[in-house]
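Beneath this line is the structure, given in structure tokens, with notes to follow.
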Amino acid sequence: AEYRSGEYRIKINNSYSGYGYFAPVRVPTNSYEVEVDLRFQRRATGEAGLIFNSTGGDNFYLFKVNPTARSWSVFIYSYGRKETIAEGSRVDFNSQTNRLKILQQHNNLEVYLNGRLLARRSSSAPSACQVGLMVSSQDRVPTEVYFDNFIVTVAGSQNFDSQPRIQFMN
């Protein structure tokens with residue numbers, strides 16, 4: 001991973017490999033919003049997305065997109081077990097930057113791509129968690145993904161628009 005031309009770049013040279021990077025602070029509540037702009041290098045294959053509701057080890061949620069397959073998925077990983085809670089296909093990705101967003105409000109989870117609601121599920125969140133970014137490669141490498149504007153907004157019982165924001169990448 002490196003910082004290049006105002007964006008964070010993650011490049012994977014090995015087939016079927018994956019990496020996750022966590023924000024340097026914990027989210028101190030079970031109501032928050034996390035969003036990021038991501039851009040795949042042209043003709044790249046692979047997947048990228050947001051890690052959220054992570055409590056350590058192999059206990060986390062993952063929202064990932066695959067522009068080549070025009071698909072997205074949300075998974076819960078819990079003690080070595082993977083459960084799909086939402087997925088879709090035939091999604092139109094922007095040729096440049098795509099905005100991923102997770103809105104977790106207590107037991108309600110919403111997943112967005114480029115401002116469009118993809119899924120709304122009932123899903124409880126831990127009282128505190130970590131969030132981060134992930135990239136994985138497939139058979140064709142390298143996989144190269146750029147991230148920018150990684151923002152976490154924490155909220156109590158009020159509107160997210162008036163809550164503190166933590167911007168990790170700008």
Side-chain angles (χ1 to χ4, degrees), residues 1 5-23 27 31-54 60-78 81-105 107-125 129-153 160-161 165 167-170:
S5 301
E7 298 173 298
Y8 284 87
R9 171 184 168 255
I10 300 173
K11 183 177 181 180
I12 300 175
N13 292 313
N14 298 321
S15 298
Y16 303 107
S17 297
Y19 297 93
Y21 297 90
F22 286 101
V27 177
S31 290
Y32 64 92
E33 179 179 290
V34 59
E35 51 193 325
V36 70
D37 293 328
L38 79 85
R39 178 174 62 85
F40 281 83
Q41 182 65 23
R42 289 187 200 116
R43 296 180 299 278
T45 62
E47 299 171 324
L50 290 168
I51 301 168
F52 62 104
N53 287 350
S54 176
F60 59 94
Y61 287 52
L62 174 63
F63 169 32
K64 69 176 184 175
V65 297
N66 182 324
T68 306
R70 295 180 56 211
S71 65
W72 62 273
S73 305
V74 180
F75 302 104
I76 299 174
Y77 291 85
S78 180
R81 201 180 96 238
K82 174 181 163 184
E83 177 187 348
T84 303
I85 60 171
E87 62 186 347
S89 60
R90 296 191 305 258
V91 176
D92 291 322
F93 290 92
N94 293 332
S95 61
Q96 291 296 315
T97 301
N98 291 277
R99 186 80 176 158
L100 278 61
K101 177 177 152 182
I102 294 293
L103 176 60
Q104 178 75 60
Q105 291 182 296
N107 292 328
N108 298 306
L109 170 66
E110 294 180 358
V111 180
Y112 294 85
L113 176 64
N114 296 324
R116 181 175 154 232
L117 178 65
L118 298 176
R120 180 179 289 130
R121 298 288 185 270
S122 176
S123 186
S124 62
C129 65
Q130 285 186 280
V131 296
L133 309 170
M134 71 74 59
V135 175
S136 65
S137 63
Q138 294 177 330
D139 57 341
R140 289 188 348 209
V141 289
T143 296
E144 193 169 346
V145 181
Y146 294 83
F147 293 94
D148 200 6
N149 301 312
F150 181 40
I151 300 171
V152 177
T153 305
F160 278 97
D161 294 333
R165 295 171 72 87
Q167 186 157 350
F168 296 107
M169 299 178 188
N170 186 351

Next item on the list: For residues Tyr8 and Phe147, establish whether the separation of their ring centroids is below 6.0 Å.
Entry: no
Margin query: Quick one, Glu87 and Val74 - any side-chain contact, counting heavy atoms below 4.5 Å?
Written below: no
Notebook entry, point to check: Do Asn66 and Trp72 come close enough that some side-chain heavy atom pair is under 4.5 Å?
Noted result: no
Check: Of the non-hydrogen atoms in Ser137 and Tyr16, which two are nearest, and what is the gap between them?
Finding: OG-N, 3.1 Å
Next item on the list: Determine, for Arg9 against Glu7, whether the closest basic-nitrogen to carboxylate-oxygen distance falls under 4.0 angstrom.
Entry: no
Notebook entry, point to check: Do the side chains of Leu100 and Val65 get nearer than 4.5 Å, heavy atoms only?
Noted result: yes
Check: Under 3.5 Å, side chain of Ser54 to main-chain N/O of Cys129, donor-acceptor pair present?
Finding: no
Notebook entry, point to check: Do Ile51 and Phe22 touch side chain to side chain, with heavy atoms closer than 4.5 Å?
Noted result: yes
Next item on the list: With the side chain counted from C-beta on, respond yes when Leu50 and Val131 share a heavy-atom pair under 4.5 Å apart, and no when they do not.
Entry: no
Check: Only one of Thr153, Val152, Leu133 forms a side-chain contact (heavy atoms from CB on, under 4.5 Å) with Val34, so which one is it?
Finding: Val152
Next item on the list: Would you give the length of the straight line joining atom CD1 of Ile12 to atom CD of Gln138, rounded to the nearest 0.5 angstrom?
Entry: 10.5 Å
Margin query: Give me the atom names and distance for the closest heavy-atom approach of Ser123 to Ile76.
Written below: OG-CD1, 4.4 Å
Next item on the list: Please round to the nearest 0.5 Å and tell me the distance separating atom CZ of Phe75 and atom CD1 of Ile85.
Entry: 10.0 Å
Notebook entry, point to check: For the atom pair CG (Asn94) and CZ (Phe40), what is the distance rounded to the nearest 0.5 Å?
Noted result: 13.0 Å
Check: Any idea which heavy atoms bring Gly46 and Pro67 closest together, and the distance?
Finding: O-CD, 4.1 Å
Next item on the list: Please round to the nearest 0.5 Å and tell me the distance separating atom CD of Glu47 and atom OG of Ser136.
Entry: 4.0 Å
Next item on the list: Show the numbers, then the answer: is there a side-chain contact (heavy atoms from CB on, under 4.5 Å) between Leu62 and Tyr77?
Entry: CA-CA 8 Å; Leu62 174 63; Tyr77 291 85; 4.0 Å; yes
Hey, can you pull the donor-acceptor pairs under 3.5 Å for the side chains in residues 108-118, sequence neighbours left out?
unit_1	atom_1	unit_2	atom_2	d
Glu110	OE1	Tyr112	OH	2.4
Glu110	OE2	Arg120	NE	3.0
Glu110	OE2	Arg120	NH2	3.4
Asn114	OD1	Arg99	N	2.7
Asn114	ND2	Asn98	OD1	2.8

Item checked: Aromatic ring pairing Phe52/Tyr61, orientation class (parallel under 30°, perpendicular over 60°, tilted between) -> tilted
Notebook entry, point to check: Does the side-chain hydrogen bond (donor to acceptor under 3.5 Å, both in side chains) test come out yes or no for Gln104 and Asn53, once each step is laid out?
Noted result: CA-CA 9 Å; Gln104 178 75 60; Asn53 287 350; 3.0 Å; yes
Item checked: Minimum heavy-atom distance Tyr146-Gln41, with the two atoms named -> CE1-OE1, 3.5 Å
Notebook entry, point to check: Do Val135 and Thr143 have side chains that get closer than 4.5 Å, going by heavy atoms?
Noted result: yes
Margin query: Does anything in residues 10-20 form a salt bridge (Lys or Arg N to Asp or Glu O under 4.0 Å)? List the pairs, not counting sequence neighbours.
Written below: none
Checklist line | From Glu144 atom CD to Asn13 atom CG, the distance as rounded to the nearest 0.5 Å | finding: 9.0 Å
Note to self: Return the OH to CG distance between Tyr32 and Leu103, rounded to the nearest 0.5 Å.
What the structure shows: 9.5 Å
